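Just so we're clear, the structure is a prediction, and the values are computed from it rather than from any experiment. The analysis underlying the following values was restricted to heavy atoms, covering all of them including side chains, and did not include hydrogens, waters or symmetry mates. In the text below, chain A, chain B and the rest are named by the order of the sequence lines, each starting its count at 1.
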There are 2 protein chains.
Amino acid sequence: MSLRHALLGLLAAGPASGYDLLKIFNVSLANVWPATQSQVYAELGRLADAGLVEVVAEGPRGRKEYAIADTGRAELRHWLTEVAPTRSGRSDTLLRVFFLGQVEPGQARAYLRRLAETAAGAERDLAALSDAVSAEEDDLAFYGRLALEWGLRFNAMQREWADWAERRIEEREAVARRP
Amino acid sequence: MSLRHALLGLLAAGPASGYDLLKIFNVSLANVWPATQSQVYAELGRLADAGLVEVVAEGPRGRKEYAIADTGRAELRHWLTEVAPTRSGRSDTLLRVFFLGQVEPGQARAYLRRLAETAAGAERDLAALSDAVSAEEDDLAFYGRLALEWGLRFNAMQREWADWAERRIEEREAVARRP
DNA sequence: CAGGACATGTAAAATGTTACATGATTCT
DNA sequence: AGAATCATGTAACATTTTACATGTCCTG
């Protein structure tokens, strides 16, 4: 149930409305913990019912501004320090790799080449984002930059691996052609 | 709906029962596409209803052996070559990084150290698995080894990143202590 | 003949996605 | 006045997890 903790974490930095939070999900957290509008509003309602957050202001157009409550902050800290991370690790991309033997080697290579290109593109985007992000000193920005560096390294790894894997398939094809 | 494709992919290598497939999910695919017993049996039923797989033999204890049908093989190839991979990328681990500012720097460092250790452990396990895996030449083994190499590189990346991030926090603490 | 491995299934609950629905306010 | 943005919510559907339920076969 990490959506709950994502919301608590964001509200820990200051009060916000569902709409505000949604924008953060679509930008900063898009690659870490995507969430839809339905989910955010529903979970905020549940958090308020449970007393982990409170509506601290109402604005125009029915806007409700939420703030984290002490119990919410306690729950957040508990999750951060005492709950073991679940490594779900579901990868569509990697699943396909297992079954690439079902298509022609040329198609398998093309798949890996596309993967390398996608990773290279993501790397460029993140590098640009890294440059654009001002050197703010608040915690969320500091730790956000650590996460961004993770993304850079992940995509570099993926690109290098895909290049390597493509070469492995080429070698195997060469061997298969003249045994 | 990749569970469906995972099953088709495994059956493409040869007929198997739900029980057999489940074992593969808990070993080879555990880190790529985990699936529970409920899911596997239910999805096999749906695949059979849809005609993508067929029951080719019945054994003791109600054992049903499934084989991939031509339409199933076509669906698998279509998914491999024409369906864009969805990068859901939900990471509990990384989500926490964003919110590490909510706990003491020492606790944040401890979190990253645990992460580095977990990655190092996974690296060792995969390296051992890599040695244990015989150098079979069939497609599933070949591409499985490519996926295994991905895991090795991923964990190495994660370990190095966590070490780096821990040092960054140390530096920041040092700066904060004497401004 | 007992215990473990084999083997399949159903049901309920939690979580996530997509689509639908509505309306207010601000800016040009 | 019209368009864009702000702002919240519900409903239906799909997927995943956890728990329950049942029975057979093989080995020591």
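- Proximity of A:Phe99 to B:Leu8: side-chain heavy atoms (C-beta onward) are nowhere separated by under 4.5 Å.
- The cationic group of A:Arg4 does not satisfy the cation-pi geometry with A:Trp79, failing either the under 6.0 Å distance to the six-membered ring centre or the 45° limit from the ring axis.
- As judged by a 4.0 angstrom heavy-atom cut-off over every strand, A:Ser38 is placed among the base-contacting residues.
- Between the P atom of D:dA7 and the NZ atom of A:Lys64 lies a distance of 13 Å, rounded to the nearest Å.
- A donor N or O paired with an acceptor N or O is not found under 3.5 Å between the base of C:dT15 and the side-chain atoms of A:Gln39.
- DNA chain C is contacted by both A:Thr36 and A:Arg61; A:Thr36 maps to the nucleotide lying nearer its 5′ end (nearest heavy atom per residue).
- For B:Gly62 and B:Arg90, each mapped to the nucleotide of DNA chain C holding its nearest heavy atom, the one lying further toward the 5' end belongs to B:Gly62.
- What separates CD of B:Gln37 from P of D:dT16 is a distance of 16 Å, to the nearest Å.
- Between the CG atom of A:Asn26 and the C1' atom of D:dT5 there is a distance of 15 Å, given to the nearest Å.
- Counting non-hydrogen atoms under 4.0 angstrom, A:Arg46 reaches nothing in the nucleic acid.
- Nearest nucleotide to the side chain of B:Arg63, out of C:dT25, D:dC6, C:dA7: C:dA7.
- Put simply, OH on B:Tyr41 is 13 Å from C1' on D:dT22, counting in whole angstrom units.
- As a whole-Å value, the separation of B:Met1 CE from D:dC13 P is 16 Å.
- For B:Ser17, whose side chain is taken as the heavy atoms from C-beta onward, the closest listed nucleotide among C:dT8, D:dT8, D:dC25 is C:dT8.
- Atom CZ of A:Phe25 and atom C1' of C:dT15 are 14 Å apart (whole Å).
- Straight-line distance from the CD atom of A:Glu58 to the C1' atom of D:dC6: 16 Å, rounded to whole Å.
- For the pair A:Arg172 and B:Phe142, the distance from NZ or CZ to the six-membered ring centre is under 6.0 Å and the angle to the ring normal is within 45 degrees.
- By the 4.5 Å heavy-atom criterion applied to side chains, A:Val97 and B:Trp150 are not counted as neighbours.
- Judged by distance alone, the side chain of A:Arg90 and the main-chain N or O of B:Pro34 form a donor-acceptor pair under 3.5 Å.
- Across the protein-nucleic acid pair, B:Leu95 atom CG and C:dT15 atom P stand 15 Å apart, rounded to whole Å.
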